[in-house]
Structures are given as C-alpha cells and as structure tokens.
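Here's the structure, in structure tokens; my notes come after.
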Amino acid sequence: MHYDFLQIENKWQKKWEENKVFKVNYDKNKPKYYCLEMFPYPSGKIHMGHVRNYAIGDVIARFKKMKGFNVLHPMGWDAFGLPAENAAIKNKIHPAKWTYSNIDYMRAQLKQLGLSYDWDREVATCDPEYYKWEQLVFLKMYEKGLIYRKKSTVNWCEDCNTVLANEQVEDGKCWRCSNEVTMKEINGWFFKITDYAEELLEYTYKLEGWPEKVLTMQRNWIGKSYGAEIDFEVKGFDRKITVFTTRPDTLFGATFMLLAPEHEMSKELIKGTSYEEEGLKFINSILKEDKISRSADNKEKKGFFTGRYVYNPLTKKEIPVYIANYILIDYGTGAVMAVPAHDQRDFEFAKKYNLEITVVINPEGQELAPENMSEAYTGQGIMVNSGKFNGISNEEAKTKITEFLEEENIGKKTVNFRLRDWGISRQRYWGAPIPVIHCKKCGIVPVPEKDLPVRLPLDVEFTGSGNPLETSAEFKNVKCPLCGIDAERETDTMDTFVESSWYFLRYCSPKCSTNIFDKEEAEYFMNVDQYIGGVEHAILHLLYARFFTKVLRDLGYINIDEPFERLLTQGMVCKETYSCKNDGWLFPEDVDEGKCKICGEQVVVGRVEKMSKSKKNVVDPDALIKRYGADTARLFSLFAAPPEKDLEWSEQGVDGCYRFINRIFRLFVNNLELIKTEYNAEYEDSKLAKDILYHMHFTIKKVTNDIEKFQLNTAVAAIMELTNNLYLIEPKLSTDYEKQKFKECLINMIKLLTPFTPHFCEELWSLAGGKGFISLEKWPEYEEKYTVKDEITLAIQVNGKVRAEIVMPKDVDKETALKAARENEKIMGYLEGKTLVKEIYVPGKLISLVVK
RNA sequence: GCCGGAGUGGCGGAAUUGGCAGACGCACCGGACUCAAAAUCCGGCGGGCUAAUCACCCGUGGGGGUUCGAGUCCCCCCUCCGGCACCA
C-alpha cells in the first residue's frame with residue numbers, strides 16, 4: 001500500500017493558499033522570527049541546490065511557527081542580470097519577458113515543494129517599483145559623498161561585454177563565463193565601501209551566529225594591515241614619493257625603491273630624459289598584459305631603472321628608483337621601499353639587478369652577512385646598521401622609528417586596507433539605471449527625486465555589441481534638470497549585487513509606496529534571525545549586504561548595524577558523473593545497467609562532484625517530484641547529510657526515505673480505528689505504557705533540540721527510530737491506557753515530522769480527525785521525567801575495559817551501584833587476587849574499577 | 001606560502017561536559033508471507049580468532065602523550081577539500 005502523494009500534495013498546497021495559512025502581518029505584540037533563504041536568479045528552472053536550500057529554510061520557518069513565533073518567511077527574485085540579456089540577443093525575446101516567464105515557472109516549482117512562504121511579499125528586483133528605491137538611495141548616497149565617478153583601469157570581460165568588480169574576477173577569469181579578463185580604461189561609478197572597512201571588519205568579531213570560515217574569508221578580503229607611510233624625496237626633482245610599508249623597522253635597509261607601472265611618477269620621472277623611450281616601452285609592455293599572466297604564480301620579476309634616485313630619509317643615501325612589474329597600483333600607494341635583506345621578493349630583485357643588500361635585523365645570537373644569504377630573513381631579531389635604533393628588538397623599532405618619522409615630519413603611522421571601493425557601473429541594459437544626467441554646462445546632475453524611477457526603455461536593440469541603452473534615443477536624450485539644455489542620461493546600470501544588498505529589508509513591507517520600506521515594520525522584523533544560502537556568497541553578497549545596511553542606517557532609514565543574526569552556509573549537492581567514449585558526459589537517465597542508452601558503450605563512472613549542467617550529473621526536481629513527491633524530495637535532502645556539509649545524491653537513499661514515509665502511512669492507516677477512538681483511561685503503571693511514554697518524550701526532546709541546533713539529519717533519524725519502536729510496540733497493545741498513549745504518540749510524531757514532510761502530515765492529521773491545519777498546531781512539549789528510563793544499564797569497566805553490564809534503578813546511589821559491580825560474578829573474576837585501588841561512578845553511565 | 005575545515009564499517013553519516021564507537025539510512029545476508037516474484041514484516045550485519053550469535057584480542061588517517069577511561073584533550077606528522085595569494 002502506497003500513499004497517493006500527487007493527489008495529497010496538490011490538495012494541501014491549494015488549501016494552504018486558499019486559507020492564507022502562511023500569511024504574516026506586522027504585529028508588535030507577537031514575538032517575531034525572520035527566516036530567510038537567498039533568493040534565486042530566475043534562470044529558468046530550479047535545481048537541486050535550491051531544493052536543498054529551501055527545504056532547510058522551510059523546516060526552520062515551520063518549526064518556529066509551530067513554536068508560536070510570528071514568522072516572516074519570504075521569497076522573491078534576483079531578477080536583473082546578464083543571462084536575460086544574452087537570451088534577448090540569441091532568441092530576440094525581451095529580457096523582461098524572458099525573466100517574468102521564468103519567474104512564473106519557478107514560482108510554480110517552489111509551490112510544488114510546499115514551502116511555507118508568504119507569497120504576498122514576493123518581490124522581483126527588475127520591477128521599477130523595486131528599483132526606484134535603489135535609485136533614491138543612490139541619490140542620497142551621492143549627496144552624502146558615498147559615491148563618486150572616476151576613470152580607472154577596470155577588469156573587462158570581452159564575452160560579457162562589461163566591467164567586472166574585483167570580486168567578480170576568479171583566477172583572472174570572469175566569474176560568470178570564465179572568459180579571460182582584460183584591462184580597460186573606463187569611466188565608472190564607485191561606492192565608497194572603504195569608508196566602512198573598519199566597521200565591517202570590527203563587526204566580524206561580533207557576528208557570533210556566523211560560521212568562522214565565512215568571517216575569516218571576509219577578514220582576509222578586507223585585509224587590514226598596520227604600518228607607516230613614508231615620504232622619499234627625489235634627487236634633483238621637486239617631488240616626493242610616498243610609500244606604504246608594514247615594516248618601518250627595516251627602513252635603514254631600504255636600498256632601492258619600486259614603482260608600479262601605473263604609478264603617476266613612473267612616467268613623470270623619465271619624462272624628457274634618455275630613459276624615456278625605453279621606459280615607456282617597458283611600462284606599456286606590462287600594462288598590456290592581462291590580469292592572469294601578470295599575476296601568474298611564479299612570474300619573473302622584471303624592473304626598469306628610471307635613472308632617478310631618491311634619498312633614504314634615515315640613511316640619507318641616494319637609492320635608485322625602478323619601475324617593477326610586481327608592484328600593485330591599487331594596494332598601498334603603488335610605491336614600495338625595497339628592503340632586499342628582509343623581503344624575499346626584493347631579495348630576488350636585488351640579486352637579479354645586482355643591487356645593494358643591507359642587513360638591519362639579526363636573528364637572536366646570529367650575524368647575517370649579505371654575501372652569504374640565499375634568501376631574505378623575514379623573522380624577528382635585533383636591530384643593526386640602524387643608527388640610534390641599534391640593539392633594540394625590531395618589534396620595538398617599528399614603533400620607535402615610526403614615532404621618529406612623525407617627529408621629523410617625513411612619515412606617519414597608517415592603517416591600510418586591501419578592500420577597494422565597489423565599482424558598480426555595468427555597461428548593460430538589464431539592470432537598474434543609474435539616476436544621473438550629464439550636462440555640458442552643469443556637469444553631473446542627479447535626476448530629481450520626483451522623476452524616479454528612471455525606467456528602462458523599450459525601444460532598444462539587442463545586437464550583442466556595446467551597451468543597448470546607448471541605442472535608445474528616448475532614454476538617452478533628456479533636458480538638463482538644472483539649466484534645461486540638451487543633455488545625456490547616464491547609460492550605465494548598476495551591478496546586480498546592489499539589488500540583493502537590501503531585498504531582505506524590502507520584504508518587511510514589500511508594498512510600501514512611500515519609502516524604500518516602512519521603518520517601523522522593518523525594525524520589528526529585522527534582523528534576519530536565520531539566513532541560509534550557499535557559501536559561494538561568503539564574500540561578495542554578504543559583504544555588500546552588510547555594507548548597504550550600514551549605509552541605510554547612516555542615511556537614517558533604519559536603526560540596525562548588521563542585517564543577519566545567524567548564517568548557515570549549506571553544502572553543495574553532488575553526484576557521481578557518467579560518461580562514455582562516444583557521447584561524452586551522460587545524464588543519469590541515459591545510463592542503463594552500466595551501458596550508454598545512446599550507443600550501447602560501457603559507461604565510465606566518474607568521481608562525485610557538484611551537480612552541474614555541463615557534466616550532466618544532475619537530477620531534475622520536476623522529475624523527482626513526479627516520481628516520489630515533494631515530501632520525499634525534501635526529506636532526503638534533509639536526511640542524507642548535515643545541512644552545512646556537501647550532500648551526495650543517491651537514488652537508493654531517496655527510495656529509503658520514500659519507504660519510511662510509507663511505513664508511517666501504513667502504521668497510521670492500520671491503526672485508524674484506534675486513532676479515532678476517544679479514550680479516557682486512568683493512569684496505569686504498565687511496562688508497555690511507560691515504554692511508550694519514554695519513547696514519545698525522548699523523541700520530542702531529541703527532535704526539538706536537534707532542529708534548534710540545525711542537526712536536521714539526526715532529527716529525522718530520531719523519528720525513524722521512533723517509528724521502528726512503534727512498530728514493535730503495536731502488536732503488544734492491550735489496555736485502553738496503552739492505546740491512548742500510543743495514539744498520543746502517533747499524533748505527536750506527525751507533528752514532529754510536519755516541518756519536514758508537511759503535505760503528508762496534513763493528510764494524516766485530517767485522517768485522524770484533526771481540525772484545521774497541522775501546520776498551525778502547537779509544537780509538542782516533553783516532560784523531562786519521561787525522557788529517562790526507569791532502569792538504566794551501567795557498564796562496568798576494569799582497568800578501562802568494559803567487562804560487564806548491570807541493570808539498576810535510574811536513581812541508584814553510588815555505593816549501591818559499586819557494591820553491585822564488585823559482587824558481579826564476572827567482575828569478581830577480574831578482581832580476584834588483585835587490589836582495588838580506585839572506584840569511579842559516572843551516574844547513569846558506568847562504573848570504573850582500577851585494580852593492581 | 002598563508003588562513004580555515006575535515007579524515008570514523010562496503011557507502012552516506014551518529015556519538016552532552018572525555019564515559020559501552022558505529023544511532024538512523026543505504027547496500028548485503030537470513031527468515032516469515034506467497035504457487036512464485038515484487039511489496040511488506042521480523043532478524044543479522046567493523047575486523048580477527050572460533051564449531052559458536054561463549055570468551056578473548058584489534059579497531060575512529062599515522063606516531064607519541066595526559067587520564068581509571070580518548071573519535072573527543074595536548075604535541076609531532078600524513079592526506080584531502082575550501083578560500084586567499086607577488087598585499088610591500
């Protein structure tokens with residue numbers, strides 16, 4: 001007998017929707033809980049990663065609801081982005097149409113999973129009613145000086161025909177299409193995230209509910225380092241060059257200086273000299289290199305002598321200035337004092353170009369000589385060759401030398417960050433337009449607030465080259481709001497990471513028409529109590545969202561510092577790959593008994609890796625739901641692995657979960673008469689009744705605690721165990737009291753299971769004569785006294801090895817237990833002829849006897 | 001190179017503060033039901049030794065240590081995964 005999941009799931013999805021079971025309203029008298037899963041990009045269909053992510057979130061949301069919280073559990077669409085535009089180019093379909101039809105399909109898929117969203121709060125970021133608030137915030141940020149426009153060398157992806165943020169470049173390749181990234185000079189807009197570097201870093205130490213891994217990644221990304229900026233005067237040139245160093249203690253050992261090719265002084269120093277021609281050639285040869293090859297692993301260090309010298313501010317010696325390929329323009333000041341004795345890169349450079357090496361730090365009890373060194377000494381030690389700083393430790397010298405530089409006005413203590421401002425300009429159509437106008441007379445003019453939103457135009461051609469917005473006359477040609485002359489509208493659109501930086505706030509009052517969100521409602525629902533999503537967003541999205549929240553706070557929109565209280569990064573969904581020599585990668589359904597269905601060739605089973613379309617090791621959620629139902633699909637993705645770990649997909653494992661659901665179904669149906677009977681039995685001291693009570697209360701406790709700790713796999717295991725026990729108990733039932741408790745246990749069991757397999761539980765609840773929805777029932781409570789058995793089994797160890805077991809009453813005292821242990825027949829054998837030197841009793845667990 | 005995380009049966013994975021390693025599921029084996037099969041129900045299932053499901057020994061990547069007792073704590077090493085990486 002199998003249950004009819006198709007009919008059952010459709011029925012309950014409809015009922016939930018008709019009765020607005022998961023609608024949530026602002027109600028400051030109720031305790032709230034905000035459960036959020038990262039919203040998807042509407043690419044067409046959901047994949048198993050979504051199923052897992054949303055199943056996890058749904059368990060939490062439903063659990064908290066049954067626990068009595070006013071749960072905000074919303075869903076929406078990260079709807080701007082390149083694929084829509086690529087589809088437009090390829091299929092001549094407008095990005096909006098493509099996007100909205102995908103949304104419709106995916107929404108239906110999510111509904112089929114029975115997720116407890118309040119769909120009335122759905123948002124799509126491509127909706128002008130959504131992005132107009134982003135444009136408003138842009139204007140406020142601009143006013144406050146948090147946005148600027150500058151010309152810069154940017155990462156450019158030829159394939160996507162757009163600029164990429166540093167965060168979107170992975171291994172020198174485009175994060176989206178893996179095309180090689182090249183460099184291009186372009187004008188663009190920047191958010192001053194660096195203004196918040198310190199605070200973003202500081203709060204990584206306060207986010208206690210976040211995985212350490214993610215916090216570490218963010219800290220590395222922000223990359224704070226302490227050091228000094230030091231000015232070097234150029235010989236015969238009325239200019240100074242400032243360097244940043246974390247090692248001011250080594251300043252006496254600085255024997256040359258290095259400039260990034262992009263540094264303004266690189267060209268300046270050689271201008272009009274005999275070095276100019278060669279130098280420019282050198283600079284250009286490096287600049288035209290793309291990012292990957294320039295930052296390649298063991299890239300050879302190359303330099304060009306400018307013919308110029310600067311004075312080491314402490315030794316007063318003239319030291320040569322080189323332009324070098326390994327100096328980064330966007331870290332520090334783009335200029336470096338080179339200390340070959342104590343920095344490996346500089347050491348290699350000095351060897352190659354035969355430059356002076358001066359040791360200024362000796363390791364404790366050792367004396368370094370440059371001619372004997374085969375590598376730089378980067379450790380701690382005692383200062384030498386450093387004038388009045390000789391003899392002290394280099395750590396002390398760091399402070400002392402910096403202080404001296406400050407007194408002499410040639411340097412200052414600084415803090416440097418690796419984090420750079422967030423370039424948000426994208427030369428694409430399908431994004432939120434940047435609300436500014438370029439006027440020949442007035443310069444950059446913000447669009448007046450009353451003219452928002454700046455909507456995307458429709459008279460656009462998608463040819464695949466250049467920014468489509470440039471081709472829209474209607475969009476581009478405007479009058480200057482200030483002086484009224486002909487002007488041009490900005491055609492850059494914003495990075496789609498901007499929309500996802502505040503969607504969680506919009507969910508709090510998605511229909512608010514007077515502001516980005518209703519402050520009161522947002523302050524009620526925020527923070528997000530639990531955020532769940534993929535670890536791939538550990539840096540990009542999560543850092544931007546934190547930044548944006550702080551900006552909104554400083555603009556007075558909301559009074560919170562951080563948006564996400566707790567974060568769970570779920571693992572990937574993986575599966576083994578299949579391939580055959582004729583047809584390459586194969587879908588699982590193309591494999592039949594180890595043979596390729598297409599050509600009949602032997603199939604090669606590859607290693608388990610992340611499900612991906614390219615390797616075809618995917619399971620289609622639609623097919624899965626059709627075959628097993630949503631409840632089974634959900635249950636397996638929750639049971640097969642702990643949420644934060646990778647999950648290996650297994651068809652047989654899914655089968656096992658399906659069997660389990662059917663097992664409960666049968667247990668229920670077989671006892672339907674019992675379940676529908678109203679018992680009113682007196683308490684009875686029967687062994688079986690006690691057994692039932694124990695299993696029931698123990699399981700309620702276990703499942704409740706496990707869900708709180710996000711151990712969803714063991715929560716499911718506990719319910720499976722209970723089911724197994726109930727199967728064994730069922731044939732033994734005799735008295736009314738036992739039946740009454742058995743019934744109670746069955747009812748509680750399906751309540752515990754409701755967050756995992758909600759449709760199925762609703763059906764059993766209604767079969768049992770339950771009123772309303774089990775989804776709205778109160779979560780079962782347990783009584784501690786029933787979670788322990790009357791009798792406990794104590795293990796007896798002799799010298800650390802378990803030799804026997806005894807059964808004792810649960811509250812047995814130490815002496816009685818020890819006496820019983822000593823008198824145990826088996827144990828006596830081990831004690832014979834030995835001296836008992838120590839006795840340990842661990843209540844309820846074991847007894848340990850030590851003999852000699 | 002630096003920073004994180006992880007190594008447990010044939011497999012996925014369990015194990016409060018150190019307290020009977022292997023819960024639960026998969027696979028496999030046996031039994032019941034059946035003319036038979038499937039489904040279902042019951043039972044077994046780390047390795048060695050053994051006639052034995054008696055007893056004993058070994059066993060959580062490897063080697064040491066602390067402890068009555070270590071998957072768990074400490075030291076050293078190996079392997080794998082993830083992130084960052086010429087960051088001055």
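OP1 and OP2 of B:A85 both lie 4.0 Å or more from every side-chain N or O belonging to A:Y331. Residue A:Y727 places at least one side-chain N or O under 4.0 Å from the OP1 or OP2 atom of B:C41. In this model, the phosphate group of B:C41 is approached by a side-chain N or O of A:R666 to a distance below 4.0 Å at OP1 or OP2. Side-chain N/O atoms of A:R663 include one lying less than 4.0 angstrom from OP1 or OP2 on B:C42. For A:N662, no side-chain nitrogen or oxygen approaches OP1 or OP2 of B:A39 to under 4.0 Å. Listed pair A:R803 / B:C57 meets the phosphate criterion, a side-chain N or O lying under 4.0 Å from OP1 or OP2. Taking 4.0 angstrom as the limit, A:R418 places a side-chain polar atom (N or O) nearer than this to OP1 or OP2 of B:A85.
Salt-bridge formation is not detected for the pair A:E839/A:K814: no Lys NZ or Arg NE/NH1/NH2 atom is positioned less than 4.0 Å from an Asp or Glu carboxylate oxygen. Between A:E395 and A:K398, at least one side-chain N (NZ, or NE/NH1/NH2) sits under 4.0 Å from a carboxylate O, which counts as a salt bridge. Contact check on A:K610 versus A:E536 returns no salt bridge, with no Lys/Arg side-chain nitrogen under 4.0 Å from an Asp/Glu carboxylate oxygen. Between A:E198 and A:K224 there is a salt bridge, since at least one side-chain N of the basic residue sits less than 4.0 Å from a carboxylate O of the acidic one. The pair A:K413-A:E229 fails the salt-bridge criterion, with no side-chain N (NZ, NE, NH1 or NH2) lying under 4.0 Å from an Asp/Glu carboxylate O. Remark: A:E576 does not engage A:K615 in a salt bridge, criterion side-chain N to carboxylate O under 4.0 Å.
Across all strands, A:Y830 comes closer than 4.0 Å only to sugar-phosphate atoms, never to a base (heavy-atom distances). Using a 4.0 Å heavy-atom criterion, one finds that A:N724 contacts the sugar-phosphate atoms exclusively. Within the nucleic acid shown, A:R219 has no heavy atom closer than 4.0 Å to any nucleic acid atom. Residue contacts shown for A:G656 are limited to sugar-phosphate atoms, with no base heavy atom under 4.0 Å away.
Rounded to whole Å, atom C1' of B:C2 lies 8 Å from atom CG of A:N220. The distance between atom CE of A:M217 and atom C1' of B:G83, rounded to the nearest whole Å, is 5 Å. Distance, A:K213 NZ to B:C84 P: 12 Å, rounded to whole Å. If you measure from atom CG of A:D249 to atom P of B:A88, you get 13 Å, rounded to the nearest angstrom. The separation between A:Q652 atom CD and B:A27 atom P is 5 Å, rounded to whole Å. The interatomic distance linking A:N670 (CG) with B:U40 (C1') rounds to 11 Å, in whole Å. As rounded to whole Å, 13 Å separates atom P of B:G25 from atom CD1 of A:I719. In this structure, NZ of A:K398 is placed 12 Å from C1' of B:A88, rounded to the nearest angstrom.
B:C68 sits 15 Å from B:C20 when the C1' atoms are compared, rounded to a whole Å. Nucleotides B:G69 and B:G59 place their P atoms 15 Å apart, quoted to the nearest Å. Only the C1' atoms considered, B:C24 is 24 Å distant from B:G18, to the nearest whole Å. Between B:C81 and B:C76, the distance separating the two P atoms is 24 Å to the nearest Å. A gap of 10 Å separates the P atoms of B:U53 and B:C45, to the nearest Å. Taking atom P in both B:C58 and B:G71, one finds a spacing of 13 Å when rounded to whole Å.
In the model, A:Y628 has a side-chain atom that pairs as donor or acceptor with a side-chain atom of A:D655 under 3.5 Å. Counted by atom type alone, A:N220 and A:R418 present zero donor-acceptor pairs between their side chains at under 3.5 Å.
With a glycosidic angle no further than 90° from 0, B:G9 counts as syn.
Searching all strands for a Watson-Crick or G-U wobble partner of B:G1 with both distances below 3.5 Å returns B:C84. With a 3.5 Å ceiling on both atom-pair distances, B:U34 lacks any Watson-Crick or G-U wobble partner. Across all strands shown, the partner of B:G25 is B:C11, judged by Watson-Crick or G-U wobble contacts whose two distances both fall under 3.5 Å. Within the shown strands, B:U79 is the pairing partner of B:A6 under the Watson-Crick or G-U definition, both distances less than 3.5 Å. When Watson-Crick and G-U wobble pairs are counted only if both distances are under 3.5 Å, B:G18 pairs with no nucleotide at all. Pairing for B:A52 is absent, judged as Watson-Crick or G-U wobble with the two contacts each under 3.5 Å.
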Hey, what are the protein-to-nucleotides 67-71 of chain B N/O distances that come in under 3.5 Å?
unit_1: B:C68; atom_1: OP1; unit_2: A:K838; atom_2: NZ; d: 3.3
unit_1: B:C68; atom_1: O2; unit_2: A:S848; atom_2: OG; d: 2.6

Short N/O separations, protein against nucleotides 11-17 of chain B, under 3.5 angstrom:
unit_1: B:G12; atom_1: O2'; unit_2: A:A640; atom_2: O; d: 2.9
unit_1: B:G13; atom_1: O3'; unit_2: A:N713; atom_2: ND2; d: 3.4
unit_1: B:A14; atom_1: OP1; unit_2: A:N713; atom_2: ND2; d: 3.2

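Among B:C56, B:A27, B:A88, the nucleotide with an atom closest to any side-chain atom of A:K826 is B:C56.
Residues A:L728 and A:K732 approach most closely at O-CE, 3.6 Å, considering heavy atoms.
Between A:L846 and A:E721, the one whose closest nucleotide on RNA chain B sits nearer the 5' end is A:L846. Annotation: of the two residues near RNA chain B, A:D343 and A:V535, the 5′-most nearest-nucleotide partner is A:V535.
Using cut-offs of 30° and 60° on the angle between ring planes, the pair A:F760 and A:F665 is tilted.
Judged by distance alone, the side chain of A:D631 and the main-chain N or O of A:F5 form no donor-acceptor pair under 3.5 Å.
You'll find the ring centres of A:Y353 and A:F349 inside the 6.0 Å limit.
Residues A:I286 and A:F304 fail the side-chain proximity criterion, which asks for heavy atoms closer than 4.5 Å.
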